[in-house]
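Quantities reported herein were computed from a predicted structural model and do not represent experimental measurements.
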Amino acid sequence: MPLVEPLRQSPNRFEAGDPTNALPPQSNTLIPGTARLWRESATFVVTPRAPGRALIVRLPAEALIARLGSIANLDRRPLSFAQGSGAICFTLLVVLIAQAPLLSQEQRQILGDCAFDAIVVWLRSEQTVRVGLSAHRRELLNAIYAYIERYLDDDQLCPRTIASSFGISVRYLHSLFTATGTTVAQWIMIRRLEAIRSELLLRGGDRGCLRDVATRWGFHDLSHFSRVFRQHFGTPPLTYIRQRTGSQRTEQ
């Protein structure tokens, strides 16, 4: 997981990427209290309303997409951080950048993870708002999210059991998730991976512990689990644990 860092800057201009692909000036003005998400391969020139400064954060695109399912409905659109989870993210990032020189590498790594987790929570809430669902469908989707959390460790949890519990068809259930850019199965896997990460950080351990935890959460092929974990969190599971717990074990 990358550390959060400000890019090169002048008082009213921030750049990233290839200048030949700059966005039109009218589309790159940030309104105070808002943010934009964009692909690093394309230039994004930010001109805050003077006087002002902008905070630019680099995020791992692969891990972000893996944990959100899709960012298509968020890419280059104004996102609010004036209140709620967005405000928490902004405050956390500002403090993290200011205090980073005083922290050890291990502390920066752990707090960087926390910041990334907070950003994921914020962007998930933005996704829910932007999917174009009716108020009734959003309420139903949120109830389904809560249901999945409650039965996340149940090996019988699947689209069929979820649909049956809410008295809807599996097809209708899939349509709710399609609007968010992910599928029911993908969402269950995302949340289980996040639960596995939390458990591994609490338990530490070697490959035996890793196999035990992964198997209990439904990952019976350790090589496959390691690939999926790396996709989501940036490093293989044992390396991830070692970097955050001070363990000297290495990935085999």
| message | When you group the ILVMFWY residues by side-chain heavy-atom contacts below 4.5 Å and let the links chain together, are Ile97 and Val95 in the same group? | response | no
| request: Group every Ile, Leu, Val, Met, Phe, Trp and Tyr by side-chain heavy-atom contacts under 4.5 Å, then state whether Leu64 and Leu93 land in the same group. | output: yes
| task | Answer yes or no: is there a side-chain heavy-atom contact under 4.5 Å between Phe177 and Thr183? | result | no
| said: I'd like to check Arg242 versus Thr239 (side-chain heavy atoms, cut-off strictly below 4.5 Å). Are they in contact? | reply: yes
[X] side chain to [Y] backbone, donor-acceptor under 3.5 Å:
| X | Y | value |
| --- | --- | --- |
| Arg192 | Leu152 | yes |
| Arg230 | Thr235 | no |
| Trp217 | Met189 | no |
| Ser226 | Leu222 | yes |
| Glu139 | His136 | no |
| Ser165 | Thr161 | yes |

Should we count [atom1] of [X] as having more than 12 external heavy atoms under 6.0 Å?
| X | atom1 | value |
| --- | --- | --- |
| Gln83 | CD | no |
| Arg171 | CZ | no |
| Arg216 | CZ | yes |

| remark: Those residues at least two apart in sequence (or on a different chain) that pass salt bridge (charged side-chain N to carboxylate O under 4.0 Å, His left out) with Arg137 are none
| query | How would you list, by chain and number, every residue that makes a side-chain contact (heavy atoms from CB on, under 4.5 Å) with Glu194, sequence neighbours excluded? | reply | Arg67, Arg124, Ile190, Arg191, Phe233
| With under 30° as parallel and over 60° as perpendicular, where do the rings of Phe229 and Tyr240 fit, or are they tilted in between? | perpendicular
| query | Is Asp117 paired with Arg197 through a side-chain N to carboxylate O contact shorter than 4.0 Å? | reply | yes
